[in-house]
Asks: 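First the structure, which I've put down as structure tokens, then a few questions once you've had a look.
Just so you know, residue 1 is the first one in the sequence shown, and it goes up from there. Hydrogens, waters and symmetry mates are skipped; everything else that's a heavy atom, side chains included, is used. None of the values given here were measured: they were computed from a predicted structure.
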Amino acid sequence: MLERDKEYDIHLRTLSSNARHSNFNADPASDPALLISVKKLYLLCQTEQSEDLIARVYPHLNRIFQRALASISQSQTSNGLLLLAILQFFLDFGEIVLHDADPSLRAFFRSCLSREFADYVVAEATLDFLHANKKKLLTSFPSTLPQYFPLLLKLIAWNGEKLEKAFLRIFPGLISPGSFLPLSPSIVDLPILVVALEKVERGSGSLIGSGIASIQKSTAPEMLLALMDEAYTGSVGDGGADSESEDSNTMASGDPLFIEILKDENDGLAERHWTSPGMMNTTLQAATSSPHSDRLKQALKIAPRLLDVYFAIALHDVNNSLLCALIPLLMARNSVLFPDKIFCYEVQKRFLEFMLAAFHRNPDFIALLKKPIVDKLGEAYDSPAKMELALQLCWAIGENGGGGVAHKDAARELFESLELLLYENLSASRLGLRESAFGSSSSTTLTKSSHSRLLSFVVTAIAKLATYHPDLLPRARVSLAKVARSRISDARVWQRARDYLGLMNEPAICLSVLGPSRPSSGHMLCPGVVNWSEGGTKMVAHIPFYILGEQEGPPFHDFSMSDILPRERKG
């Protein structure tokens with residue numbers, strides 16, 4: 001006991017000495033013994049659970065915390081570990097000493113972590129601290145992590161795969177109703193964040209100790225202005241003879257997109273400055289003007305993995321209103337990505353899979369998002385990425401009946417858009433426009449393949465939509481007949497249209513094959529599925545014979561229900 005009390009007195013004197021008002025301007029983190037004393041006293045308080053002991057330690061820690069925050073801008077040493085140790089005391093014993101830890105947490109993020117995120121030791125300790133206190137943070141301070149997710153993304157952007165496992169442990173805590181939508185573009189823009197941070201580092205030196213968040217208020221943000229000079233003009237700085245480097249020159253003002261990417265706090269805005277095509281192109285060109293660094297290569301791999309977790313949480317926990325609002329954002333960003341082929345493929349694949357899953361979960365989304373869907377169908381020829389998005393949207397429209405039986409008006413408008421897309425593809429003039437849009441002669445094969453795929457998807461969507469909404473059947477027959485008679489170069493397309501026309505003459509078979517993908521009111525059949533347990537009462541005509549083989553005319557043999565129904569063995 002005597003040795004413990006002696007040790008306690010030594011550590012308490014260390015705190016008292018550093019907490020004196022006369023030493024307020026000194027840097028408390030410069031004393032290496034202080035962090036040891038804080039940790040020792042915390043463990044002693046945790047072991048003893050003595051309110052008197054906690055009350056004696058708290059005033060010193062509170063003063064040291066405030067002194068450390070005040071000295072950060074002039075400090076030559078890291079304050080992160082010291083502040084985290086004191087924050088742990090505040091979180092565990094705040095109720096005893098009546099200390100609200102929320103302002104202290106926010107002060108740590110704004111004053112310390114914003115300057116020390118590039119320090120691997122501080123970044124790792126911060127993630128460990130957040131994970132250890134995850135339950136308490138989510139219950140007592142639920143808005144803290146969602147508010148500072150842009151700053152926390154800098155930890156993984158700068159420190160890469162070394163911190164990926166630790167980051168993923170706290171990543172779900174970043175998602176809340178207020179951060180769900182703006183978090184999506186931030187994840188997608190992780191590689192651009194890396195590029196921006198590297199540009200800042202080349203222009204101003206080490207990122208440790210520099211307040212990037214204050215760049216909007218800076219009178220001379222050389223590192224960011226040089227980046228935007230390159231983006232807008234294609235030149236570096238003034239281009240004069242006394243220009244030293246691309247990162248040391250300035251221009252009149254900074255770019256709002258890069259400033260927003262470098263921000264530390266979530267402002268709740270889901271859309272960034274990607275609305276201007278000129279700004280989009282120059283920004284992406286500036287982001288890829290130099291070879292990929294190891295840090296950037298890691299970010300290109302990490303971002304798709306973060307999207308996997310994000311979309312899994314979205315489908316499991318997020319309400320339908322936010323899911324519906326997210327889909328147009330994904331449509332807009334599907335073709336506006338960091339221009340790396342593998343990265344674009346991985347991100348676009350996840351976008352499309354999520355959208356189809358969301359439409360399957362709630363078909364009403366298709367009717368609610370009718371306008372953006374129609375717009376994207378009209379952009380199918382602008383790029384391969386937009387073509388693939390249009391294909392998947394066509395599939396979703398047909399698969400989910402244009403939103404369901406309760407949305408007949410929306411289904412009719414979507415049907416008309418599909419008709420227009422179909423007729424445009426059948427016209428010779430559209431073929432010429434498409435070839436010029438895709439450019440070089442090497443893309444001719446791609447053009448023909450895309451043309452055939454698009455027609456196949458549109459034809460199928462029209463047939464499925466008309467099966468779901470019988471009032472559209474007459475128009476669907478006209479459209480499919482035009483395709484069947486066109487004899488376009490790809491025989492698979494007009495043969496498919498002819499098959500669908502044949503199916504429509506047999507409503508029972510058509511409903512079984514092209515009907516809704518899951519039972520719903522008024523449509524209790526699933527496509528291509530026969531409930532054999534009801535074979536005794538089900539009509540033979542309900543069985544889609546044509547799927548037994550690509551045979552024309554009547555079935556190739558006399559079919560009997562006893563041939564396919566399981567027989568009970570008599571024992």
Asks: In plain terms, say whether K341 and E346 are close enough for a salt bridge, that is, a side-chain N and a carboxylate O under 4.0 Å apart.
Replies: no
Asks: Any idea which heavy atoms bring W494 and A491 closest together, and the distance?
Replies: NE1-CA, 3.1 Å
Asks: With sequence neighbours excluded, tell me which residues meet salt bridge (charged side-chain N to carboxylate O under 4.0 Å, His left out) with K482.
Replies: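 K482 satisfies salt bridge (charged side-chain N to carboxylate O under 4.0 Å, His left out) with no other residue.
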Asks: Who pairs with A481 by side-chain contact (heavy atoms from CB on, under 4.5 Å), at least two apart in sequence or on another chain?
Replies: R485, L501
Asks: Please check if the side chain of H469 supplies one atom and the backbone of G401 the other of a donor-acceptor pair under 3.5 Å.
Replies: yes
Asks: Strictly below 4.0 Å, N to O, side chains only: are D189 and R333 in salt-bridge contact?
Replies: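 Result for this pair is yes, salt bridge flagged.
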Asks: Are any side-chain N or O atoms of R361 and backbone N or O atoms of L315, one a donor and one an acceptor, separated by less than 3.5 Å?
Replies: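 The answer is yes, because a donor-acceptor pair under 3.5 Å joins these two groups.
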Asks: Given 3.5 Å as the limit, does a donor-acceptor pair link the side chain of N334 with the main chain of A385, or not?
Replies: yes
Asks: Tell me if the NZ atom of K301 is crowded by more than 12 foreign heavy atoms within 6.0 Å.
Replies: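 12 or below, so no.
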Asks: Between S335 and K386, what is the shortest heavy-atom contact and its length?
Replies: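 Nearest heavy atoms, S335 then K386: OG-CE, 3.4 Å.
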Asks: For residues Y310 and F171, report the shortest heavy-atom separation together with the two atoms involved.
Replies: N-CE2, 3.9 Å
Asks: Indicate yes or no: at least one non-hydrogen side-chain atom of L296 is less than 4.5 angstrom from one of S293.
Replies: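 Yes, their side chains come closer than 4.5 Å.
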Asks: Nearest 0.5 Å, please: how far is CD in Q298 from CG in L163?
Replies: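 With rounding to 0.5 Å, CG (L163) is 10.0 Å from CD (Q298).
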Asks: Please examine the side chains of E419 and V478, heavy atoms only from C-beta on, and report whether any two atoms are closer than 4.5 Å.
Replies: no
Asks: Do the side chain of N400 and the main chain of G403 share a donor and acceptor less than 3.5 angstrom apart?
Replies: no
Asks: Where do A325 and L329 come nearest, in terms of heavy atoms and distance?
Replies: O-CG, 3.7 Å
Asks: List in chain and number order the residues that pass side-chain hydrogen bond (donor to acceptor under 3.5 Å, both in side chains) with D317, two or more places apart in sequence or in another chain; answer none if no residue qualifies.
Replies: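 Testing D317 for side-chain hydrogen bond (donor to acceptor under 3.5 Å, both in side chains), a comparison that skips the adjacent residues, returns none.
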Asks: If we ignore angles and hydrogens, is there a donor and acceptor under 3.5 Å between the side chains of T460 and Y500?
Replies: yes
Asks: For L130, what residues pass the side-chain contact (heavy atoms from CB on, under 4.5 Å) criterion, not counting sequence neighbours?
Replies: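 Counting only residues at least two positions away or on another chain, L130 forms a side-chain contact (heavy atoms from CB on, under 4.5 Å) with F109, T126, L137, L145, L152, I170.
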Asks: Counting C-beta onward and ignoring hydrogens, is there a side-chain heavy-atom pair between R295 and N159 closer than 4.5 Å?
Replies: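 The answer is no, as the side chains (C-beta and beyond) never meet within the 4.5 Å cut-off.
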Asks: Please examine the side chains of W158 and V194, heavy atoms only from C-beta on, and report whether any two atoms are closer than 4.5 Å.
Replies: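 Answer no - side chains too far apart.
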Asks: Looking at CG of L326 and CE of M331, how far apart are the two atoms once the value is rounded to the nearest 0.5 Å?
Replies: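 Between atom CG of L326 and atom CE of M331 there are 10.0 Å.
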Asks: Residues in side-chain contact (heavy atoms from CB on, under 4.5 Å) with C510, at least two apart?
Replies: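 By the side-chain contact (heavy atoms from CB on, under 4.5 Å) rule, C510 matches T467, L503, M504, L514.
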Asks: A side-chain contact here means heavy atoms from C-beta on lying under 4.5 Å apart; do V336 and V188 qualify?
Replies: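 When only atoms from C-beta onward are counted, V188 and V336 do not touch, as no gap falls below 4.5 Å.
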Asks: Apply side-chain hydrogen bond (donor to acceptor under 3.5 Å, both in side chains) to Y423 and S479, showing your working.
Replies: CA-CA 8 Å; Y423 294 148; S479 299; 3.2 Å; yes
Asks: Does the ring centre of H131 sit less than 6.0 Å away from the ring centre of F167?
Replies: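 So the answer is no for these two rings.
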Asks: With the side chain counted from C-beta on, respond yes when L174 and N266 share a heavy-atom pair under 4.5 Å apart, and no when they do not.
Replies: no
Asks: I'd like to know if the side chain of D264 and the backbone of P150 have a donor-acceptor N/O pair within less than 3.5 Å.
Replies: no
Asks: Output all residues satisfying side-chain hydrogen bond (donor to acceptor under 3.5 Å, both in side chains) with R169, sequence neighbours left out; order by chain, then residue number.
Replies: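 Once residues adjacent in sequence are excluded, the partners of R169 under the side-chain hydrogen bond (donor to acceptor under 3.5 Å, both in side chains) criterion are D128.
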Asks: Could you check whether any side-chain heavy atom of K408 comes within less than 4.5 Å of a side-chain heavy atom of D471, counting everything from C-beta outward?
Replies: yes
Asks: Is there any side-chain hydrogen bond (donor to acceptor under 3.5 Å, both in side chains) pair reaching into residues 321-331, and which pairs are they, with sequence neighbours excluded?
Replies: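 Non-adjacent pairs meeting side-chain hydrogen bond (donor to acceptor under 3.5 Å, both in side chains): zero.
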Asks: If you define the side chain from C-beta out and look only at heavy atoms, does anything of F457 sit under 4.5 Å from I397?
Replies: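 Not touching, per the 4.5 Å side-chain cut-off.
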Asks: Applying side-chain hydrogen bond (donor to acceptor under 3.5 Å, both in side chains) as the test, list every pair that has at least one member in residues 367-379; sequence neighbours left out.
Replies: K370-E413, K371-D375, K376-E379
Asks: Mind checking what makes salt bridge (charged side-chain N to carboxylate O under 4.0 Å, His left out) contact with D409, not counting sequence neighbours?
Replies: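 Partners of D409 under the salt bridge (charged side-chain N to carboxylate O under 4.0 Å, His left out) test: none.
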Asks: What pair of heavy atoms forms the shortest contact from G402 to L465, and how long is it?
Replies: N-CD1, 3.4 Å
Asks: Side chains of Y381 and N425 only: does a donor on one sit below 3.5 Å from an acceptor on the other?
Replies: yes
Asks: Who passes side-chain contact (heavy atoms from CB on, under 4.5 Å) against A314, sequence neighbours left out?
Replies: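 F180, V318, L323, F354.
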Asks: Please determine whether salt bridge (Lys or Arg N to Asp or Glu O under 4.0 Å) holds for the pair E161 and K297, giving the CA-CA distance in whole Å, both sets of side-chain angles, and the decisive distance to 0.1 Å.
Replies: CA-CA 10 Å; E161 293 177 324; K297 292 177 181 178; over 6 Å; no
Asks: What residue pairs, at least two apart or across chains, pass ring pair (Phe, Tyr, Trp, His ring centres under 6.0 Å) with a residue in residues 385-415?
Replies: none
Asks: Indicate the atoms forming the closest heavy-atom contact of P328 with C324, along with that distance.
Replies: CD-O, 3.1 Å
Asks: side-chain hydrogen bond (donor to acceptor under 3.5 Å, both in side chains) with S176: which residues, sequence neighbours excluded?
Replies: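 Per chain and number, S176 pairs via side-chain hydrogen bond (donor to acceptor under 3.5 Å, both in side chains) with S179.
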